[in-house]
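Note sheet for the following structure.
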Amino acid sequence: MAFTTEERYRPYADWSAEYIKTIQKNTALSPWRTHFHLEPPHGLLNDPNGFSYFNGKFSLFYQYFPFGAAHGLKSWLHTESEDLVHFTPTGTMLYPDTPLDSHGAYSGSAMQFDDKLFLFYTGNVRDENWVRHPYQIGALMDKDGKIEKINKVLIEQPDDVTDHFRDPQIFDYKGQYYAIVGGQNLDKKGIIKLYKAENNDYQDWRYVGDLDFQNDNTAYMMECPNFVFVDGKPVLIYCPQGLDKNVLDYQNIYPNMYKIGDDLDVENAKLVNPTPLMQFDYGFECYATQPFNTPDGRALCVSWLALPDMEYPTDKFDYQGCLSLVKELSFKNGKLCQNPVAAMESLRKDKQTFGAKSATDNVYELELDFAENTRHEFVLMADSQQNGLRIVVDTANGEVIVDRANCGEKFAEKFGTERRCDIEKQTATARIFLDKSVFEIFINGGEKVFSGRVFPNADQNGIAIVQGDVQGWIYSLDYNI
Ligand code: FRU
């Protein structure tokens with residue numbers, strides 16, 4: 001169903017309970033519902049928001065439009081977790097229900113202050129001429145999930161940006177709170193602004209400067225900028241929309257990229273000695289990644305495994321989007337690595353030698369080893385013709401290819417059906433999570449990651465080995481353990 005603008009911005013109270021029941025039933029008919037990835041109960045999920053530690057648990061919200069597979073009037077839906085694997089929705093929502101967020105409670109971050117969780121987000125407002133006014137605003141959530149909005153604008157739209165100014169991230173740098181906000185300047189170039197919390201007061205933000213991160217100035221908007229500190233080094237993860245492919249080639253409609261700095265000079269708003277731009281994920285879907293540093297010093301992140309402005313085969317079941325597993329960031333030989341949190345191992349049920357299989361439930365984990373100087377090709381979600389999700393790990397030519405051209409329902413084909421990356425010409429490993437319609441592939445200890453969605457046909461549930469002697473293990477997974 002295509003949504004009109006009126007439907008996308010219709011007040012929540014004007015949708016009937018009966019309508020919601022109907023779409024809920026339709027969503028339940030989908031053959032592609034995930035087992036251990038967070039999906040919306042119905043409607044559309046996009047960016048992870050407010051990933052934080054609060055009240056002895058992890059909190060994770062997501063951007064939510066409950067009424068169908070469309071980008072409409074967004075709210076935040078809250079989930080919590082003790083182990084970073086099982087996330088339980090608590091029923092708490094941050095609704096677009098004030099004059100400062102009337103057209104959407106857009107993306108943002110969270111941080112505990114005293115016994116409340118401060119939610120820092122963008123209030124998207126359209127006036128009677130449909131002109132957008134972005135307000136950086138806040139709310140406090142208490143231990144019982146009660147939300148109290150702070151009834152004032154915390155950061156006003158500066159004169160030198162357009163109405164694209166959003167996604168505040170609050171972060172702690174050596175005991176002082178700062179925030180960055182993504183935006184577009186009047187030359188229609190993407191920028192990131194840095195603010196400092198005066199006296200560490202989250203209601204009092206002073207502009208420090210436009211962040212100098214050796215921006216190539218080709219993107220027209222920086223969405224969802226986030227800092228995270230890995231072994232003390234600042235990593236800037238963001239979505240430079242419109243980035244010139246000559247700067248760094250990518251195939252997805254919008255990229256999710258990062259730079260690592262030697263240091264962050266907060267006085268001068270400067271990422272010191274940044275690396276060139278790097279791709280965060282080599283797959284088909286990964287956007288709006290939100291990291292945060294835990295109280296015990298870990299760097300965790302979650303990504304949205306879908307992209308803006310796209311249609312997905314689940315749309316006909318009135319839902320769209322899911323979140324990635326929680327990934328821990330670390331450095332290995334100076335390279336940023338992403339790996340699922342250790343607690344993911346708690347889902348393992350039984351372990352078998354990896355090999356061809358005529359049928360699986362498309363819910364499993366693989367740990368694979370690839371000998372050097374060999375081309376390995378295998379197919380997951382394979383039908384009897386060996387059509388499915390094709391993976392090539394070529395240790396002779398030094399590349400990995402993931403090809404979804406023949407895996408179930410076709411979508412997004414104009415952005416290509418294959419993704420690849422270079423690897424070292426030596427032995428390789430892969431850890432792969434498959435979850436009905438999601439794959440996450442971690443190559444060489446998370447040095448390279450491919451994430452994406454596939455919507456297999458009913459007969460696509462086998463494993464085929466096409467070439468090479470792929471060694472390893474397959475674990476069945478049980479989310480309800
Ligand atoms: C990124 C984004 C953010 C915005 C949110 C709205 O996907 O466009 O910039 O805050 O989604 O849902």
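Nothing fancy with the numbering, it's 1 onward along the sequence. All values reported here derive from a predicted model rather than from experimental measurement. First listed ligand is number 1; within each ligand, the first listed atom is number 1.
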Criterion side chain to side chain donor-acceptor pair (under 3.5 Å) on Ser75 and Tyr12, from CA distance to verdict: CA-CA 10 Å; Ser75 51; Tyr12 280 33; 3.0 Å; yes

Could you pull out every N or O of ligand 1 that sits under 3.5 Å from a protein N or O, with the distance for each pair?
residue, atom, partner, partner atom, Å
ligand 1, 7 (O), Asp47, OD1, 2.8
ligand 1, 7 (O), Asp47, OD2, 3.4
ligand 1, 8 (O), Glu223, OE2, 2.8
ligand 1, 9 (O), Arg166, NE, 2.7
ligand 1, 9 (O), Asp167, OD1, 3.4
ligand 1, 9 (O), Asp167, OD2, 2.7
ligand 1, 9 (O), Glu223, OE2, 3.0
ligand 1, 10 (O), Ser107, N, 3.1
ligand 1, 10 (O), Asp167, OD1, 2.5
ligand 1, 11 (O), Asn46, ND2, 3.3
ligand 1, 11 (O), Asp47, OD2, 3.1
ligand 1, 12 (O), Asn46, ND2, 2.9
ligand 1, 12 (O), Gln63, OE1, 2.6
ligand 1, 12 (O), Lys74, NZ, 3.1

His71 ring center within less than 6.0 Å of Phe65 ring center: no

Flag for Asn49-Ser107: side-chain donor and acceptor within less than 3.5 Å: yes

Validation row, ring centre Phe439 to ring centre Phe450 under 6.0 Å: no

Centroid-centroid under 6.0 Å between Trp76 and Phe61 rings: yes

side-chain contact (heavy atoms from CB on, under 4.5 Å) between Leu325 and His37, worked out: CA-CA 6 Å; Leu325 301 178; His37 285 83; 3.6 Å; yes

